[in-house]
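Data first, discussion second: the structure below is written as structure tokens.
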Amino acid sequence: MTSFTFSRQVTWPALLASGLWLAGCAQTPPYERPGMDIPAAYKEQAAAQAQGIWKPAQPQASTALPETWWTVYGDAVLDRLQQQAEANSPTLAQSAARLRAAQAAVTSSGAAALPTVGANASSSRARSGTQLSNQGDGSSTARISTSHSLGLTASWELDLWGRISFGVSVAQASAQASADDLAAARLSLQAAVAQTYFSLRAAEAQAALLGETLKAYDRSWELTRNRQAAGVASSADVAQAEAQYKSTQVQLLEAQTTRSQLEHALAALLGQAPAAFALEPTATLPAPADVPQALPSDLLQRRPDIAAAERRVAAANAQIGVARAAYFPSLTLSAAGGYRGASLADLFSAPNLFWSLGPALAASIFDGGARSAAVETARANHAQVTAAYRQTVLTALQEVEDNLTAAAALAQEEQLQREATAAAQRALDVVENQYRAGTVGYLNVLAAQTTVLSSQRSLIDVKSRRLTAVNALLKNVAGRWEVLPPA
């Protein structure tokens, strides 16, 4: 690094002209949002298939997110759990801390554009060497000196070619990305709380169903024992009834274990120890929200993860300007003043006053290619985050399409499964009457009972999966949807 100090012969107009010329050479590339287009609506919706319109994505600020989107389920317990998660989640606390650090970095980067003022004070006593004595005996004595000083210093780097302003832009875009990261973490937490809650209620419903089924199987087992005692049933019928009862007990234990584990997971999401958290069982699943017939794909622009990815592209673009500015010298205006003297008593007298004022230009002449490597690194990072942004958008589109398909299909599956369950129950009623009349064997009853239980469990599973798909879809579109106007 070489430093140049300007003399009186260097005029300020010439200095400013050279600075402006160099500033033009250090401009960062103008920022444009990545050229990622999204369709006007989704493939999996019939109302959207005729539209085929594409437009550039315009990610929006995270403040567009609704704060209580989960209230569409109409579940007061879920509302309370979401409030607890918002207040106590360690995950949100981490994201909030990262945001505060990013905001502090903005303040720090902006401070570099302002003058720096400092104060100093010192007092020293030193031995400067020896001198011959005037006694003529060849002896020597040490010279002792005392110095006191008090002063102020100031310096200001002129941002002629944008190194500081580009750094501020990098910090601001990074802070905006951190704010969107916090919104994304909040949305993910809310969706995870809702999904875990739905799964817990589904496990309760399964356990309740299995508990009621055990009562029916116990009555069947008792019936076969009575029929065996009367000589109209075989020991095989009794053994089969017992096996069915015991295997259902196993299924009930599994459902209860699943429910307990989901309660533990929910406690962790709420920032609580599992031992300190308990949820009253209801065995009732809330109804899923109705998915609109037409869902505009520009809802993705509200997604905070997409907005965060776009802000990182902006930060990477500004970082190219920071790297380019390193090619040019730094121009600093410096000033210093104060008092310096040997006696503390008269330190503030006029003869002890000193001051200095002037510009300094410092530039690196040879760095072995470090600056060009830094520029290439910045460009490569810009290309990387641009590709990451595009992948984020594509992944978001895929998630919405997947869950649109699942939500539509599962709504139909639920209706069909209800019909299948009703048919299985009717068949069981007929077979049980036939068994009591002695016209069919117990194997027929066993098969019918198994079919009914399987069908009822499948219905609960379909309801749970439908809730999962709708909940994921709400998360995919940042918590709410709006219906397209009719064509």
Side-chain angles (χ1 to χ4, degrees), residues 75 197-263 279-288 406 409-469:
D75 192 308
Y197 175 74
F198 298 151
S199 297
L200 182 145
R201 291 307 191 201
E204 288 178 355
Q206 295 281 7
L209 170 64
L210 290 166
E212 291 299 318
T213 302
L214 274 177
K215 294 178 182 178
Y217 286 178
D218 185 52
R219 291 193 296 269
S220 296
W221 187 11
E222 182 181 6
L223 175 62
T224 56
R225 292 198 300 269
N226 292 337
R227 289 174 63 83
Q228 181 189 28
V232 295
S234 67
S235 59
D237 290 348
V238 176
Q240 289 167 350
E242 181 182 4
Q244 185 184 50
Y245 181 84
K246 298 293 185 182
S247 64
T248 305
Q249 279 186 317
V250 172
Q251 295 176 50
L252 175 58
L253 289 173
E254 290 178 350
Q256 291 171 339
T257 300
T258 299
R259 197 268 181 196
S260 296
Q261 292 173 339
L262 288 168
E263 189 176 56
L279 199 63
E280 187 70 22
T282 65
T284 302
L285 283 167
L410 287 167
Q412 297 178 20
E413 285 185 32
E414 181 177 346
Q415 180 58 36
L416 293 173
Q417 191 61 50
R418 288 180 186 276
E419 296 172 2
T421 301
Q425 185 61 55
R426 290 195 302 271
L428 175 59
D429 293 340
V430 171
V431 171
E432 284 181 337
N433 290 332
Q434 291 176 337
Y435 178 67
R436 291 187 180 94
T439 58
V440 297
Y442 189 72
L443 279 177
N444 299 80
V445 176
L446 186 65
Q449 288 176 334
T450 302
T451 300
V452 168
L453 177 59
S454 176
S455 185
Q456 290 173 331
R457 297 197 67 182
S458 294
L459 180 57
I460 295 173
D461 181 62
V462 169
K463 289 180 178 179
S464 177
R465 288 163 53 205
R466 185 182 174 193
L467 270 172
T468 297

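Values reported hereafter were calculated over all heavy atoms of this structure, with side chains retained and with hydrogens, waters and symmetry mates removed. The first residue in the sequence is number 1, and the count goes up from there. Bear in mind the structure is a predicted one, so any value in this text is a computation, not a measurement.
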Which pairs, with at least one residue in residues 422-432 and sequence neighbours excluded, count as a salt bridge (Lys or Arg N to Asp or Glu O under 4.0 Å)?
->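 For residues 422-432: none.
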
Can you list every salt bridge (Lys or Arg N to Asp or Glu O under 4.0 Å) pair that touches residues 208-220, not counting sequence neighbours?
->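 Every pair satisfying salt bridge (Lys or Arg N to Asp or Glu O under 4.0 Å) with a residue in residues 208-220: E212-K215.
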
Of all residues at least two apart in sequence or in a different chain, which pass the side chain to side chain contact (heavy atoms under 4.5 Å, CB included) check with [X]?
| X | answer |
| --- | --- |
| T258 | A203, L262 |
| D75 | V77, L78, Y197, P286 |
| S454 | S458 |

Is there a side-chain contact between [X] and [Y] in this structure, where contact means two heavy atoms from C-beta onward sitting under 4.5 Å apart?
| X | Y | answer |
| --- | --- | --- |
| L209 | L453 | yes |
| T421 | Q417 | yes |
| R465 | V462 | yes |

Not counting sequence neighbours, which residues clear side chain to side chain donor-acceptor pair (under 3.5 Å) with [X]? List them please.
| X | result |
| --- | --- |
| Q244 | Q449 |
| S199 | Q195 |
| E419 | Q415 |
| Q206 | R457 |

Working to the nearest 0.5 angstrom, can you tell me the gap between [X] [atom1] and [Y] [atom2]?
| X | Y | atom1 | atom2 | result |
| --- | --- | --- | --- | --- |
| L214 | S247 | CG | OG | 9.0 Å |
| T224 | Q240 | OG1 | CD | 9.0 Å |
| L223 | R436 | CG | CZ | 6.0 Å |
| L200 | L285 | CG | CG | 10.0 Å |
| K463 | R201 | NZ | CZ | 14.5 Å |

Anything under 3.5 Å between a donor and an acceptor, one on a side chain of residues 226-234, the other on a protein residue two or more places apart or in another chain? List them.
unit_1	atom_1	unit_2	atom_2	d
N226	ND2	E222	O	3.3
R227	NE	Y435	OH	3.4
R227	NH2	Y435	O	3.4
S234	OG	A236	N	3.4
S234	OG	D237	N	3.4

Determine the minimum heavy-atom distance between [X] and [Y], stating which atoms define it.
| X | Y | answer |
| --- | --- | --- |
| A420 | S455 | C-OG, 3.7 Å |
| V452 | A424 | CG2-O, 3.2 Å |
| L467 | P288 | CD2-CA, 3.7 Å |
| L252 | A207 | CD1-O, 3.3 Å |

Test side-chain contact (heavy atoms from CB on, under 4.5 Å) applied to R466 and E413, step by step | CA-CA 9 Å; R466 185 182 174 193; E413 285 185 32; over 6 Å; no

Kindly determine whether R259 and L279 satisfy side-chain contact (heavy atoms from CB on, under 4.5 Å), including the steps that lead there.
-> CA-CA 10 Å; R259 197 268 181 196; L279 199 63; 4.0 Å; yes

Can you sort out the partners of R418 under salt bridge (charged side-chain N to carboxylate O under 4.0 Å, His left out), two or more places apart, ordered by chain and number?
->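 Expected list: E414.
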
Enumerate the residue pairs fulfilling ring pair (Phe, Tyr, Trp, His ring centres under 6.0 Å) with a member in residues 213-236, sequence neighbours excluded, ordered by first and then second residue.
->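 Checked against ring pair (Phe, Tyr, Trp, His ring centres under 6.0 Å) - neighbours excluded - the pairs reaching residues 213-236 are W221-Y245.
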
Between S464 (side chain) and I460 (backbone), is there a donor-acceptor pair under 3.5 Å?
->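 Not at all, since once roles are kept as given, no pair shorter than 3.5 Å links the two residues.
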
